[in-house]
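Take a look at the structure set out below.
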Amino acid sequence: MKRTHNATDISSQNVGQEVVLNGWVNTRRDHGGLIFIDLRDRSGIIQIVFSPDVNEESFHLAEQVRGEYVVAAKGKVSLRPEETENPNLLTGKVEIYVEEMEVLNRAKTPPFYIEDNIDVDENLRLKYRYLDLRRPEMRKNLELRHRVVKVMRDYLDEKAFIEVETPILTRSTPEGARDYLVPSRVHPGEFFALPQSPQQYKQLLMVAGMEKYFQIARCFRDEDLRADRQPEFTQLDMEMSFVDEEDIFQLIEEMMLRIFKEGLEQDISIPFPRISYEDAMKKYGNDRPDLRFGLEIVDLTELLRDVEFKVFSGAIKSGGVVRAINARGCGSFARREIDKLGEMAVEYGAKGMAWIVVGENELKSPIIKFLTEEEVEQILNALEAKPGDLLIFGADSAETVARVLGNLRMELARRLNLLEKESLNFVWVLGFPLLEYDEEAKRYVADHHMFTSPCLEDIELLDTDPGGVKARAYDLVLNGVEVGGGSIRIHRRDWQEKIFGLLGLTVEEAQEKFGHMLEAFEYGAPPHGGIAFGIDRLLMIMSQRQSIRDLIAFPKTQSASCPMMETPSEVSMRQLRELSLKIRDK
RNA sequence: GGAGCUGUGGUGUAGCGGUUAACAUGCCGGCCUGUCACGCCGGAGAUCGAGGGUUCGAAUCCCUUCAGCUUCGCCA
């Protein structure tokens, strides 16, 4: 019995028609003389009815059927009797009286309910992922993913982009994340690396004259996992020749508009606001600011430069800063809650956390006794403090204060319920530093990656103050999540060599590891730039999920394993021998 | 590598030094012709993640370990 309709294709339009449905038994309600089954297929649910008056044989078969049995059912579509319509079902006005049923396969009782909003150990869901994915919300996530990726392809196709696949077996490169390695059988002792991103290939495609490239690219990074980080994830990777930042912003904003319109039927407003890296760090303590709420960080360094209180003035004298957040309305926090915030501050690297509770007529604080009345007054003014507010201070290096207050700001937002899931707040972050000084390695490392072009006006600084050079890099941030990032690249050999030098690569090392890039730049490399989007993360926000695992059909657990396939796994001695590998004793 | 939370019938929880290990749901059997989380009656189902220790006695306290989740480091 082959299906003629999907469950939700059927409506009152089909009354009287004979149809065949294929699907799974969602639930069964046996009334003795009458049996109802909610039949589920990919489209949704419809009620089918078994009565001995209609067909004795299928009625008795329905008595045997259990949840998740796979069945085919043939019967006539009827309007439901009055008062028995179910407004919760798309097909709630109709039902099908089954004249013939076939059990296509039986099923064991599943280890968890096949329904939305279940509260089950995630390990179990992952072990039986094929059952987990039967749940409507998971199916919808994968459907959304399909739609969004299709919009991306359609949109970029319209814009004359060419989709090109690049190798999965590629070369290990220094810097960046830890590589996943694949041993070469043909070349004993040598390894491929799985790509962390198709960065070099896409630039070489620009040299090849593709002009506009994109790829739905799988990327691999062997680092510890998080709710929004998997060892393999998918990027929309793009690169264009003869463009500047504005071309890219415009292209992407229009694409996002389409993605949200066609993916969620939601209108977003473009262009997106922009913020400098510097402002983001100062006001939000973070290079991916969540602008869905205020609680901005206020700099008090100048104000407090000469105060007696050593925690403040001392931090400033040794080159640091003092900044504060006015947690509006948090003056009612119990001492314990404030102390908890202080503990968090310490976890994030602070030495402590000063605070002031602003009351109606008085201030409560362990620190005001170290400040003059006038200084306190100035602080309150700077923070626009009102009775009922809680003021939180950070005094340390600019970097530490930003990290501490940035994280406390997020924590306060969670406590005050300011993180509205439905609201969408895009922002471009611009003006990242090109290089960062790595204290441990005693050298500069690329903040974005080593092919990022410096801002032209900073070129001179490369020789005198490399740390002060800005990059032509940009991130797209959505609700505090970095969903995309890219840059205008270097396309000249001499500049690229200069950056390699600053990163501590010798001429020989640069030649050995990136000779192909340097050489390619000598054959008429066009100016180019691009961007890449974390598709999993974008979808996570679109579907209002807490983890990208819910948007990936078969994700890994936090320990980078798969309970269903039981990966990774050991391999045979023979395989190891072929690869010239030996497992070292632990 | 560090920190936190969790682990008890299939599932979700309760129990926190002496219980016949409780409840809900699911499962199995019976009854039921308008349910849609159907209802009613009955039943089965747990060596309390694993190992060790303390104790007359451990699901409960301690140590170790495993797994999951969150997070710091890490993630150009």
Side-chain angles (χ1 to χ4, degrees), chain A residues 26-39 45-54 59 63 66-68 78 80-89 91-92 95 97 108-128 131 173-179 196-197 199-200 219-231 233 340 343-344 346-349 403-404 407 410-411 414 432-436 438 440 444-452 471 473 475 482 485-487 499 503 532 534 546-547 549 556-559 561 563:
Chain A
N26 198 62
T27 52
R28 173 174 150 277
R29 294 177 293 280
D30 186 344
H31 287 244
L34 195 65
I35 298 170
F36 300 97
I37 285 179
D38 286 344
L39 190 73
I45 282 175
I46 189 165
Q47 172 166 284
I48 62 179
V49 190
F50 298 80
S51 162
D53 304 339
V54 175
F59 174 79
E63 290 180 315
R66 294 293 180 270
E68 299 308 309
S78 317
R80 289 196 187 195
E82 255 180 85
E83 305 294 309
T84 67
E85 294 177 357
N86 184 349
N88 300 320
L89 284 186
T91 56
E95 60 191 1
Y97 280 96
K108 288 167 72 173
T109 303
F112 48 80
Y113 306 116
I114 310 297
E115 63 187 33
D116 287 350
N117 302 314
I118 54 170
D119 178 21
V120 194
D121 189 83
E122 194 164 346
N123 210 27
L124 197 67
R125 287 176 53 202
L126 290 179
K127 182 170 178 190
Y128 297 96
L131 299 179
T173 52
E175 301 217 24
R178 196 176 293 114
D179 283 315
Q196 295 179 28
S197 88
Q199 183 61 34
Q200 294 181 51
C219 303
F220 304 86
R221 294 177 191 176
D222 187 4
E223 297 291 347
D224 285 356
L225 290 81
R226 289 285 188 281
D228 64 351
R229 273 164 36 192
Q230 282 273 306
F233 59 101
K340 183 83 191 154
E343 283 168 32
M344 292 187 66
V346 170
E347 270 175 53
Y348 288 115
R403 187 174 59 242
V404 170
N407 281 301
M410 292 306 297
E411 175 62 21
R414 276 187 288 271
F432 288 87
L434 184 71
L435 304 164
E436 256 179 319
D438 183 332
E440 252 177 72
Y444 285 99
V445 294
D447 187 75
H448 182 56
H449 61 57
M450 53 179 89
F451 307 106
T452 301
D475 279 358
E482 182 198 326
S487 61
I499 299 297
L503 295 174
Q546 299 302 310
S547 162
R549 291 188 299 276
K556 303 279 190 287
T557 66
Q558 192 161 44
S559 60
S561 59

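Order of the sequence lines fixes the chain letters, A, B, ..., with proteins taken first and strands second; residue numbering starts at 1 for each chain. No experiment lies behind these values; they were computed from the predicted model shown.
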d([atom1], [X]; [atom2], [N]) in whole Å:
X	N	atom1	atom2	result
Asp228(A)	rU70(B)	CG	P	9 Å
Gln546(A)	rU71(B)	CD	C1'	14 Å
Arg125(A)	rA67(B)	CZ	P	20 Å
Glu115(A)	rU25(B)	CD	C1'	10 Å
Glu223(A)	rG73(B)	CD	C1'	10 Å
Gln558(A)	rG1(B)	CD	P	13 Å
Asn26(A)	rU35(B)	CG	P	19 Å
Glu95(A)	rU33(B)	CD	P	17 Å

Heavy-atom donor-acceptor pair, [X] side chain to [Y] backbone, under 3.5 Å:
X	Y	result
Ser51(A)	Gly33(A)	no
Glu223(A)	Arg178(A)	yes
Arg125(A)	Val120(A)	no
Arg229(A)	Asp224(A)	yes
Glu175(A)	Met450(A)	no
Arg28(A)	Ile35(A)	no

Under 3.5 Å, is there any donor-acceptor pair linking the side chain of [X] to the base of [N]?
X	N	value
Arg229(A)	rC75(B)	yes
Arg549(A)	rG68(B)	no
Arg66(A)	rC28(B)	no

Take atom [atom1] in [N] and the same atom in [M], then report the distance between them in whole Å.
N	M	atom1	answer
rA46(B)	rA22(B)	C1'	12 Å
rC61(B)	rA67(B)	P	23 Å
rA44(B)	rC28(B)	P	16 Å
rA50(B)	rG10(B)	P	13 Å
rG9(B)	rG49(B)	C1'	15 Å
rU8(B)	rG45(B)	C1'	14 Å
rG7(B)	rG15(B)	P	10 Å
rC32(B)	rA21(B)	P	37 Å

Counting any heavy atom closer than 4.0 Å, what does [X] reach on the DNA or RNA strands: base, sugar-phosphate only, or nothing?
X	result
Asp53(A)	base
Glu343(A)	nothing
Thr91(A)	nothing
Asp224(A)	base

Handout entry: Euclidean distance, Phe432(A) CZ relative to Asp447(A) CG, rounded to 0.5 Å
Key = 7.0 Å

Practice task
Can you measure from OG1 (Thr91(A)) to CZ (Arg80(A)) and round to the nearest 0.5 angstrom?
Solution key: 6.5 Å

Exercise for the section: Would you indicate, yes or no, if rG68(B) has its OP1 or OP2 atom less than 4.0 angstrom from a side-chain nitrogen or oxygen of Thr557(A)? Expected result: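 Yes, such a contact exists.
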
Practice task
Tell me whether the OP1 or OP2 atom of rG68(B) has a side-chain N or O from Ser559(A) closer than 4.0 Å.
Solution key: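 For rG68(B), OP1/OP2 do have a side-chain N/O of Ser559(A) under 4.0 Å.
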
Handout entry: Sequence-aligned protein contact record of nucleotides 3-12 of chain B, with B where the base is within under 4.0 Å of a protein heavy atom and S where only the sugar-phosphate is
Key = -------BSS

Exercise for the section: Report the nucleotide, chosen from rU70(B), rG1(B), rG68(B), that has the shortest atom-to-atom distance to any side-chain atom of Ala227(A). Expected result: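 Nearest to the side-chain atoms of Ala227(A), counting from C-beta on, is rU70(B).
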
Handout entry: Pairwise side-chain contact, Arg29(A) with Gln47(A), heavy-atom cut-off 4.5 Å (strictly under)
Key =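 When only atoms from C-beta onward are counted, Gln47(A) and Arg29(A) do touch, with a gap below 4.5 Å.
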
Problem - Residue pair Thr557(A) / Leu225(A), side-chain heavy-atom distance below 4.5 Å - result: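 Of all side-chain heavy-atom pairs linking Leu225(A) with Thr557(A), none is under 4.5 Å.
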
Handout entry: Heavy-atom neighbours of Lys127(A) NZ exceed 12 at 6.0 Å
Key =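 No, the 6.0 Å shell around NZ holds no more than 12 heavy atoms from other groups.
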
Practice task
Return the 5'-most residue of the pair Glu122(A), Pro174(A) with respect to RNA chain B, ranking by each residue's nearest nucleotide.
Solution key: Glu122(A)

Identify each atom pair where a protein N or O and an N or O of nucleotides 36-40 of chain B are less than 3.5 Å apart, giving names and distance.
from    : atom 1 : to       : atom 2 : distance (Å)
rC36(B) : O4'    : Arg29(A) : NE     : 3.0
rC36(B) : O2     : Gln47(A) : OE1    : 3.4
rC36(B) : O2     : Asn86(A) : ND2    : 3.1
rC36(B) : N3     : Arg80(A) : NH1    : 2.6
rC36(B) : N4     : Arg80(A) : NH1    : 3.1
rC36(B) : N4     : Thr84(A) : O      : 2.3
rC38(B) : OP2    : Arg29(A) : NH1    : 3.3
rC38(B) : N4     : Asp30(A) : O      : 2.4

